[in-house]
Number of protein chains: 2
Amino acid sequence: MDKLSLGTLGQHLQQLRLEKGLSLSQLAAAAGIAKSNLSRLEQGNGNPTLDTIWRLAVQLNVPFGTLVAPIRVPLGEEGVEVRLLDQGKDTPQVDAYWMRCAPHTTRHAEPHTPGARESLTLISGRLEVGPEGATTTLAAGDTLTFAADRPHLYRTDDAWATLLLTVVYTGEGGTS
Amino acid sequence: MDKLSLGTLGQHLQQLRLEKGLSLSQLAAAAGIAKSNLSRLEQGNGNPTLDTIWRLAVQLNVPFGTLVAPIRVPLGEEGVEVRLLDQGKDTPQVDAYWMRCAPHTTRHAEPHTPGARESLTLISGRLEVGPEGATTTLAAGDTLTFAADRPHLYRTDDAWATLLLTVVYTGEGGTS
DNA sequence: ATAGAACGTTCCTTAAAAGGAACGATGAAA
DNA sequence: TTTCATCGTTCCTTTTAAGGAACGTTCTAT
């Protein structure tokens, strides 16, 4: 059974806060909670109340579950930053990510569930992407959809690449 | 900003519990929390801990936010909520948005600059979208690209729709 | 009826989350 | 330099959510 990880909550909180350019004190004041409270949460300690989470979610302008939902991304590889934007609750299940790749980086991705497809739109930079052996090179504004139930890769040349990425699990929908 | 309503949480809890045919005692035991705790929550009192909500969500097998999200979610003025995710700095310029539309909502959008195109991917729900008079209906996971230099619209039926949207401002410089 | 079991509620206690005021560290302005 | 503001953290106190054991009620079976 799924266990609640307080660490990811803290990471998400801090990440979202920094993206907004807010200091810990500012966010705490804006949300109407104590600094000490927010500090603990970002450190991964504590077990916040619904009221506390709600106030933070409102201030950070994120759908409620986003703060808590664990990032289901292998991530870790250097030069690649991935953010979970949203998780669809319909069938088929759809996960939406924002992704940024450093120059001269190759990310190999494992196959997803059978039938899964990825759609992506390049926001800036250039990116070679697709199933291994059948990749395509995209420029800013281009979109591509490909089968993601085989090993696939993302590769940048000498420029940064930023993109939106959605994974559609057309197979039996998994709940998380 | 929106205030947290504990009443709706209680209603949702009870509704989901009854749908599953569980007694209050059973659910509390299965989730590993005290009966008194669950009883208070269903009555709309109390302010549950993240741990408590999590355990209930797991037992009821609902995505986390569902328990808390009121029937009507924080929406923009016209039932449409839009968040800017990213702005490309390359050529062509690309703006990335996250967008959510309430049921039975129609949003008319003005034409963008000549040559502009929109690409969108539906994360959940259903959406009729496209240039006025030439719309398409999308389901979760579907993607669509259309010319956005004409008046276009987004329309939902009886379901919420969540989607990623990118606007590509294809200037004079043609993309190779 | 009567005993038993399960239901949901209401107390009281206890563990812990939130608030508040320190603290040292850092950075900018006088 | 010195001063002042703000940063994030760490205590300690206060508030309160969660646990536990009653309770009255309802239903079933004996």
Side-chain angles (χ1 to χ4, degrees), chain A residues 1-62 64-70 81 83, chain B residues 1-62 64-70:
Chain A
M1 200 62 78
D2 273 324
K3 189 72 170 45
L4 169 61
S5 164
L6 306 101
T8 51
L9 170 67
Q11 293 170 16
H12 282 191
L13 275 174
Q14 192 170 58
Q15 180 180 336
L16 289 166
R17 173 171 68 81
L18 295 177
E19 283 171 6
K20 288 218 151 204
L22 293 172
S23 73
L24 188 147
S25 308
Q26 286 177 320
L27 176 57
I33 65 175
K35 290 196 301 180
S36 53
N37 194 7
L38 179 55
S39 177
R40 260 173 313 199
L41 294 182
E42 288 196 355
Q43 288 170 18
N45 308 325
N47 177 20
T49 10
L50 178 57
D51 180 72
T52 297
I53 311 173
W54 181 271
R55 294 182 163 194
L56 290 173
V58 168
Q59 284 301 318
L60 294 170
N61 190 31
V62 289
F64 181 83
T66 301
L67 276 184
V68 184
E81 183 187 356
R83 264 181 50 203
Chain B
M1 266 303 181
D2 269 317
K3 189 72 168 48
L4 169 61
S5 164
L6 308 99
T8 50
L9 170 66
Q11 293 170 14
H12 281 194
L13 275 174
Q14 194 169 56
Q15 179 181 335
L16 288 166
R17 173 170 69 82
L18 295 177
E19 282 174 4
K20 289 219 149 204
L22 293 172
S23 74
L24 189 148
S25 308
Q26 286 176 322
L27 176 57
I33 65 175
K35 290 197 300 179
S36 54
N37 192 9
L38 179 54
S39 176
R40 259 172 312 189
L41 294 182
E42 287 196 356
Q43 288 172 21
N45 308 325
N47 176 19
T49 312
L50 179 57
D51 180 72
T52 297
I53 311 173
W54 181 271
R55 299 181 120 133
L56 290 173
V58 168
Q59 284 302 318
L60 294 170
N61 193 29
V62 290
F64 184 84
T66 303
L67 275 184
V68 183

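Below, chain A is the first sequence line, B the second, and so on; all start at residue 1.
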Q) Measuring from A/Gln11:CD to A/Leu9:CG, what's the distance to the nearest 0.5 Å? A) 9.5 Å

(Q) Please determine whether a side-chain nitrogen or oxygen atom of A/Arg17 lies at a distance below 4.0 Å from atom OP1 or OP2 of D/dG8. (A) yes

Q | Euclidean distance, A/Thr52 OG1 relative to A/Asn47 CG, rounded to 0.5 Å | A | 10.0 Å

Q.
Of the options D/dG20, C/dG19, D/dC7, whose atoms approach the side-chain atoms of B/Ala34 most closely?
A. D/dG20

Q: Can you tell me the distance, in whole Å, between the CG atom of B/Leu50 and the C1' atom of D/dA18?
A: 15 Å

**Q.** Value in whole Å for how far the P atom of C/dA16 lies from CG of A/Asn37
**A.** 16 Å

Q. Is there a donor-acceptor contact under 3.5 Å from the side chain of B/Arg40 to the main chain of B/Asn45?
A. no

Q.
Tell me the interatomic distance from B/Ile33, atom CD1, to C/dG8, atom P, rounded to whole angstroms.
A. 13 Å

Q.
Tell me whether the side-chain N/O atoms of B/Thr49 come closer than 4.0 Å to OP1 or OP2 in D/dA17.
A. no

Q: Measure from CG on A/Leu9 to P on C/dA17 and round the result to the nearest Å.
A: 13 Å

Q) Closest approach of B/Ala28 and B/Leu38, non-hydrogen atoms and distance? A) N-CD2, 3.9 Å

Q. Can you check the B/Asn47 CG to C/dA17 P distance for me, whole Å?
A. 12 Å

Q | Under-4.0 Å side-chain N/O to phosphate OP1/OP2 contact, B/Gln43 with C/dT10 | A | yes

Q | Below 4.0 Å: OP1/OP2 of D/dG8 and any side-chain N or O of A/Ser25 | A | yes

Q | d(CG, B/Asn45; P, C/dG8) in whole Å | A | 17 Å

Q: Answer with base, sugar-phosphate or nothing: what part of the nucleic acid does A/Gln14 contact at a heavy-atom distance below 4.0 Å?
A: nothing

Q: Determine the minimum heavy-atom distance between B/Arg17 and B/Leu22, stating which atoms define it.
A: NH1-O, 3.0 Å

Q. How many Å lie between CG on A/Leu41 and C1' on D/dG8, as a whole number?
A. 14 Å

Q. So, is B/Thr52 close to the D/dA18 phosphate, meaning a side-chain N or O under 4.0 Å from OP1 or OP2?
A. yes

Q) Side chain of A/Leu24: nearest nucleotide among D/dT9, D/dC7, C/dG8? A) D/dT9

Q. When only distance counts, do a donor and an acceptor, one from the side chain of A/Ser39 and one from the base of D/dG8, lie under 3.5 Å apart?
A. no

Q. Could one point to a donor on the side chain of B/Arg40 or the base of D/dA18 with an acceptor on the other under 3.5 Å away?
A. yes

Q) Roughly how many Å is it from CG in A/Asp51 to P in C/dA18, rounded to a whole number? A) 9 Å

**Q.** Selected nucleotide, minimal atom distance to B/Ser36 side chain, candidates D/dC7, C/dA17, D/dA21
**A.** D/dA21

